Amino acid sequence: MVVGRIVRWGVALGLAAVWWWAVLRLVFADGAGALEGTVAAGGWGLSLLPVNCVPRVRAAGALGPRRWRTAWRAEGATRASPPLRSDAGSGPS
């Protein structure tokens with residue numbers, strides 16, 4: 001349990017160090033290129049991921065898959081307008 005936590009922290013700190021290296025190299029180095037830009041943009045993109053997600057069963061107000069199925073199949077719950085017939089014409093005759 002503790003070993004897994006140490007490994008996760010080590011990986012996170014290592015990736016953070018690589019990201020900061022890329023950002024600082026982009027800002028201060030003359031020879032920075034596509035590799036540094038890709039690493040910096042990828043790290044920034046990862047920061048946009050939602051970190052406060054919870055499983056659906058624990059989310060407040062979320063419907064489980066069975067409730068969605070039941071609601072969808074309920075009589076008259078999702079009925080659209082009947083399709084128009086092609087021979088019905090465009091107005092009263």
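This structure is a prediction, so every number in the text was calculated from the model and none was measured.
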S.K.: Please list, one pair per line, the donor and acceptor atoms closer than 3.5 Å that link side chains of residues 14-35 to other protein atoms, with sequence neighbours excluded.
M.R.:
residue, atom, partner, partner atom, Å
W19, NE1, A40, O, 3.0
R25, NE, E36, OE2, 2.5

S.K.: Hydrophobic side-chain clustering at under 4.5 Å (ILVMFWY, transitive links): who's grouped with V2? Put none if nobody.
M.R.: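 Besides V2, the cluster holds I6.
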
S.K.: Check side-chain contact (heavy atoms from CB on, under 4.5 Å) between R5 and all other residues, then give those that pass, not counting sequence neighbours.
M.R.: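 side-chain contact (heavy atoms from CB on, under 4.5 Å) check on R5 returns R8, W9.
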
S.K.: Going by side-chain contact (heavy atoms from CB on, under 4.5 Å), name the residues that satisfy it together with V7, two or more places apart in sequence or in a different chain.
M.R.: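 By the side-chain contact (heavy atoms from CB on, under 4.5 Å) rule, V7 matches V3, V11.
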
